[in-house]
Amino acid sequence: MTSDIQPPKTDGDLFAFLDSLGIGHATKTHQPVFTVAESVALRDEIPGGHTKNLFLKDKKDNYFLLTVEENASVDLKTIHAVIGAASRVSFGKPEKLMEYLGVIPGAVTAFGVINDTGRKVKLILDEDLMQNDIINAHPLRNDATTSIAAGDLLRFVEATGHEPLVLKVTS
């Protein structure tokens, strides 16, 4: 490992960044959850839109993070046309997930773009998800959920140097 590689930012770094932007957020700690099914038990405790995240790549090694509402279905056979991929997409490897977004499988989150300083990942937020006043996502780890206003999520993404694309990606 070379010395110019930075360790991934932590949830503390994320919260400090949100604070520096004047963005309100609330975080609830819970048992680690790795799937949407495991996280359903938290719904009564945490109101708002809950996310499902797909880390995808195309044949030209373009990477995409799709953040959608937890129960939404995404057609992986056709989504490439919607998100501007060069080909059909497949799931990105865990090594690239850690390299670009600083998270492990099961902790994938829109907040991961804070670690994507090279802007290698295109973030797509589903327009149905963004209809919620509050969006809930992992704060770079899967044993907590951070709630943030939908508009503030867009501000956060922009502040990381990414263009937040809000597209209709679910059926």
Side-chain angles (χ1 to χ4, degrees), residues 8-56 63-76 79 82-83 91-92 94 96-98 100-116 121-171:
K9 291 183 174 56
T10 65
D11 58 336
D13 298 326
L14 170 66
F15 302 148
F17 186 66
L18 292 171
D19 291 343
S20 76
L21 297 170
I23 291 176
H25 54 93
T27 298
K28 181 169 186 52
T29 304
H30 48 70
Q31 289 297 314
V33 291
F34 293 89
T35 65
V36 167
E38 290 176 350
S39 65
V40 168
L42 303 170
R43 293 305 155 261
D44 293 342
E45 301 173 42
I46 307 172
H50 292 265
T51 56
K52 171 168 64 177
N53 297 275
L54 306 175
F55 181 63
L56 306 171
Y63 286 84
F64 305 86
L65 176 60
L66 264 61
T67 299
V68 303
E69 199 276 327
E70 66 181 347
N71 297 313
S73 77
V74 175
D75 184 349
L76 291 179
I79 193 64
V82 178
I83 64 175
F91 289 100
K96 289 296 183 185
L97 180 61
M98 178 53 75
Y100 293 154
L101 298 179
V103 294
I104 60 168
V108 186
T109 172
F111 290 128
V113 296
I114 195 172
N115 284 308
D116 183 27
V121 179
K122 184 174 177 181
L123 174 65
I124 293 106
L125 300 163
D126 184 53
E127 77 179 19
D128 288 351
L129 172 69
M130 297 306 290
Q131 299 302 312
N132 290 283
D133 293 334
I134 300 292
I135 307 293
N136 297 292
H138 289 311
L140 308 175
R141 57 194 181 100
N142 67 350
D143 63 349
T145 298
T146 296
S147 305
I148 185 172
D152 286 340
L153 178 59
L154 296 175
R155 283 184 44 223
F156 160 78
V157 171
E158 288 171 348
T160 66
H162 290 77
E163 178 188 354
L165 294 171
V166 179
L167 300 173
K168 174 78 174 144
V169 295
T170 54
S171 47

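- Closest of all the heavy-atom pairs between Ala110 and Leu65 is CA-CD2, 3.9 Å.
- Across every non-hydrogen atom of Ile46 and Asn136, the tightest pair is CG2-OD1, 3.2 Å.
- Taken from CD1 in Ile23 to CD1 in Ile148, the straight-line distance is 5.0 Å, to the nearest 0.5 Å.
- Here the closest non-hydrogen pair linking Val166 and Asp126 is CG1-C, 4.4 Å.
- Evaluation of the ring pair (Phe, Tyr, Trp, His ring centres under 6.0 Å) rule for Phe91 yields no partner, not counting sequence neighbours.
- Taken to the nearest 0.5 Å, the CZ atom of Arg155 stands 6.0 Å off from the CG atom of Leu21.
- Side-chain atoms of Leu54 and Phe64, non-hydrogen and from C-beta on, never get closer than 4.5 Å to each other.
- Rounded to the nearest 0.5 angstrom, Ile79 CD1 and Thr170 OG1 are separated by 8.5 Å.
- Annotation: side chain of Asn115 is in contact with side chain of Leu140 (closest heavy-atom distance under 4.5 Å).
- Note: Tyr100 and Phe55 have perpendicular aromatic rings, judged against thresholds of 30 and 60 degrees for the angle between ring planes.
- Of all heavy-atom pairs between Leu165 and Lys122, the closest is CD1-CE, 3.1 Å.
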Asp11 and Thr27: side-chain contact (heavy atoms from CB on, under 4.5 Å), yes or no, with the steps?
CA-CA 10 Å; Asp11 58 336; Thr27 298; over 6 Å; no
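- The CG atom of Leu123 sits 7.5 Å away from the CG atom of Leu153 when rounded to the nearest 0.5 Å.
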Go through the steps for Phe17 and Thr160 under the test side-chain contact (heavy atoms from CB on, under 4.5 Å), then give the verdict.
CA-CA 10 Å; Phe17 186 66; Thr160 66; 4.0 Å; yes
Please lay out, stage by stage, how Lys168 and Val82 fare under the test side-chain contact (heavy atoms from CB on, under 4.5 Å).
CA-CA 8 Å; Lys168 174 78 174 144; Val82 178; over 6 Å; no
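- Closest of all the heavy-atom pairs between Thr109 and Ala137 is OG1-CB, 3.5 Å.
- His138 places a side-chain N or O within donor-acceptor distance of the main-chain N or O of Ala144, the cut-off being under 3.5 Å.
- Thr145 and His30 make their closest contact through OG1-NE2, 2.7 Å (heavy atoms, listed as atom of the first residue, atom of the second, distance).
- Counting heavy atoms from C-beta on, the side chains of Met130 and Ile135 come closer than 4.5 Å.
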Applying side-chain contact (heavy atoms from CB on, under 4.5 Å) to Thr29 and Arg141, what does each step give before you reach the verdict?
CA-CA 10 Å; Thr29 304; Arg141 57 194 181 100; 4.2 Å; yes
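- Just one of Leu101, Val108, Leu97 meets the side-chain contact (heavy atoms from CB on, under 4.5 Å) condition when paired with Asn53; it is Val108.
- Expressed to the nearest 0.5 Å, how far OG1 of Thr67 lies from NZ of Lys52 amounts to 11.5 Å.
- Every ring pair (Phe, Tyr, Trp, His ring centres under 6.0 Å) that His25 has, sequence neighbours left out, goes to Phe15.
- Note that CG of Leu154 and CG of Leu125 are 6.0 Å apart. Values are rounded to the nearest 0.5 Å.
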